[in-house]
Amino acid sequence: MELRELGSTGIRVSPIGLGTVKFGRNRQVKYPSPFELPGDDEIEQLLSIAQELGINLIDTAPAYGSSQERLGKLLPGPRDSWVIVSKVGEQFDERGSTFDFSHRAVISTVEESLRTLGTDYLDTVLIHSDGNDLRILEHEGAFDALCELKERGLIRSHGMSSKSCEGGLWVVQHMDVVMATCNLQYSDDLPVLEAAARLNKGVLIKKGLLSGHLAENSSLADSFTHIYSQPGVSSVIIGTINPDHLRRNAALAEIHSQTLSQEKT
Ligand SMILES: NC(=O)c1ccc[n+]([C@@H]2O[C@H](COP(=O)([O-])OP(=O)(O)OC[C@H]3O[C@@H](n4cnc5c(N)ncnc54)[C@H](OP(=O)(O)O)[C@@H]3O)[C@@H](O)[C@H]2O)c1
């Protein structure tokens with residue numbers, strides 16, 4: 001799979017990444033059907049298929065239950081063959097989600113993620129927004145903390161998984177990477193993608209398949225075509241614990257990302 005630049009970070013990513021919510025959390029999620037967490041052997045299989053298909057991008061977060069712990073144990077080496085994206089700001093436990101975007105919380109969360117994932121750096125760390133993007137970015141300590149972590153070499157790039165167009169626009173002006181929503185039914189973030197393309201910032205797409213709620217009459221191929229037709233998209237993070245879905249998504253991503261990149265040039 002041909003790698004693409006993640007904006008101006010110097011990091012190169014596959015056009016599709018593997019989302020790992022379902023590796024570690026099956027409570028208080030909005031997927032269409034309930035599911036069991038996969039066993040270690042199933043996760044090993046998914047990671048090895050991803051590697052074989054040329055997918056080098058893994059998206060995780062402390063809020064995804066045991067996802068980080070399981071990746072720390074099961075992600076095959078070498079470390080630099082993967083681009084690991086993690087997050088700060090949201091924690092999830094048996095009582096549900098809690099949010100802390102303070103400087104102190106961000107530093108300690110990244111240090112904890114490094115220990116859990118068994119690595120000495122993270123490629124990208126995103127602020128896991130609770131919906132109040134601009135308040136977090138302008139009035140909490142998270143942004144300064146991420147800049148400090150980048151200077152210390154513990155993270156290679158920073159950004160936000162944003163929930164508003166205004167927040168996404170702030171992110172592409174001041175940070176390296178935005179994780180934005182783009183799918184057949186949601187277009188609010190399109191100005192963010194356009195701005196990111198102009199400013200050469202990294203763009204990761206979330207919820208590209210509407211978190212599994214694709215309408216019966218809209219095809220997977222249409223979803224990928226729609227996403228890769230937008231300006232600036234570096235990669236789309238698709239969550240799956242089904243090996244057949246992973247293979248199918250990777251094949252579609254390969255075809256549509258290449259065709260549309262050629263058409264744009
Ligand atoms: N920061 C945030 O706020 C945030 C929010 C949401 C997501 N994310 C990140 O983005 C990733 C993707 O988002 P998401 O998981 O919400 O949504 P998504 O990738 O749009 O959809 C995932 C759902 O689609 C299903 N699916 C995947 N491939 C399929 C296929 N080929 N055919 C039919 N169904 C398919 C999966 O089920 P199967 O397991 O059965 O394949 C899963 O239930 C997450 O894993 C996470 O890493 C971040």
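Atoms considered below: every heavy atom in the structure, side chains included; atoms not considered: hydrogens, waters and symmetry mates. Each ligand, and each atom within it, is numbered from 1 in the order the structure gives. Residue indices begin at 1 and follow the sequence shown.
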May I ask you to identify, for Leu210, whether its side chain, its backbone, both or neither come under 4.0 Å of ligand 1 on a heavy-atom basis? backbone

Have Thr9 and Ser157 got a donor and an acceptor in their side chains that come within less than 3.5 Å? no

Candidate pair Thr240 and Asn242, rule side chain to side chain donor-acceptor pair (under 3.5 Å), full reasoning: CA-CA 6 Å; Thr240 184; Asn242 178 321; 5.4 Å; no

Under 4.0 Å from any heavy atom of Thr20, which atoms of ligand 1 are there? 45 (O), 47 (O)

Please determine if Ile241 has a nitrogen or oxygen closer than 3.5 Å to a nitrogen or oxygen of ligand 1. yes

Shortest protein heavy-atom distance from atom 35 (C) of ligand 1, along with the residue and atom involved: His245 ND1, 3.5 Å

Can His103 and Glu148 be counted as having a side-chain donor-acceptor contact under 3.5 angstrom? yes

Where is the nearest protein heavy atom to atom 7 (C) of ligand 1: which residue, which atom, and how far? Lys206 CB, 4.2 Å

Kindly assign one of parallel, tilted or perpendicular to the pair Trp170 and His174, based on the angle between their ring planes and the thresholds 30° and 60°. tilted

Atom indices of ligand 1 within 4.0 angstrom of Asn242 heavy atoms, with elements: 41 (O)

List ligand 1 atoms under 4.0 Å from Leu209, heavy atoms only on the residue side. 20 (O), 27 (C), 28 (N), 29 (C)

Check this for me - ligand 1, Lys87, N or O atoms closer than 3.5 angstrom, yes or no? no

Which distance, rounded to the nearest 0.5 Å, do you find between the CG of Leu210 and the OH of Tyr31? 12.0 Å

The answer for which part of Lys30 has a heavy atom under 4.0 Å from ligand 1 is neither

Nearest protein heavy atom with distance in Å, relative to atom 6 (C) of ligand 1: Lys207 CE, 3.5 Å

Looking only at protein heavy atoms, identify the closest one to atom 47 (O) of ligand 1 and say how far it is in Å. Asp59 OD2, 2.4 Å

Look only at interatomic distance and state if Lys163 has a nitrogen or oxygen under 3.5 Å from any nitrogen or oxygen of ligand 1. no

Can you tell me how far OG1 of Thr98 sits from CG of Asp130, rounded to the nearest 0.5 angstrom? 11.0 Å

Which of the atoms in ligand 1, numbered in the order shown and given with their element, are less than 4.0 Å from a heavy-atom of Ser161? 1 (N), 2 (C), 3 (O)

Distance-only donor-acceptor check, side chains Glu90 and Ser97, under 3.5 Å: yes

Going through the distances and angles, do Ile11 and Glu5 end up as a side chain to side chain contact (heavy atoms under 4.5 Å, CB included)? CA-CA 6 Å; Ile11 300 168; Glu5 300 293 334; over 6 Å; no

Could you tell me which atoms of ligand 1, counted from 1 in the order shown, lie closer than 4.0 angstrom to a heavy atom of Asn249? 27 (C), 28 (N), 29 (C), 30 (C), 31 (N)

Would Arg248 count as a polar contact of ligand 1, with the cut-off being nitrogen or oxygen pairs under 3.5 Å? no

May I ask you to check if ligand 1 and Pro32 share an N or O to N or O distance below 3.5 Å? no

Report, in ascending order of atom number, the atoms of ligand 1 lying under 4.0 Å from any heavy atom of His128. 1 (N), 2 (C), 3 (O)

At under 4.0 Å between heavy atoms, what of Asn183 touches ligand 1? The answer is neither

Backbone of Ala180 reached by a side-chain donor or acceptor of Asp189 within 3.5 Å: no

With heavy-atom distances below 4.0 Å as the criterion, list the atoms of ligand 1 near Gly208. 20 (O)

Touching ligand 1 at all, Tyr64? Heavy atoms, strictly under 4.0 Å? yes

Give yes or no for whether the N/O distance cutoff of 3.5 Å, strictly under, is met between Gly239 and ligand 1. yes

So, Arg156 and Asp176, do they make that salt bridge, N to O below 4.0 Å? no

Would Arg79 count as a cation-pi partner of Tyr121, with NZ or CZ less than 6.0 Å from the six-membered ring centre and within 45° of the ring normal? yes

Hey, are Lys206 and Ser161 close enough side-chain-wise for a donor-acceptor pair under 3.5 Å? yes

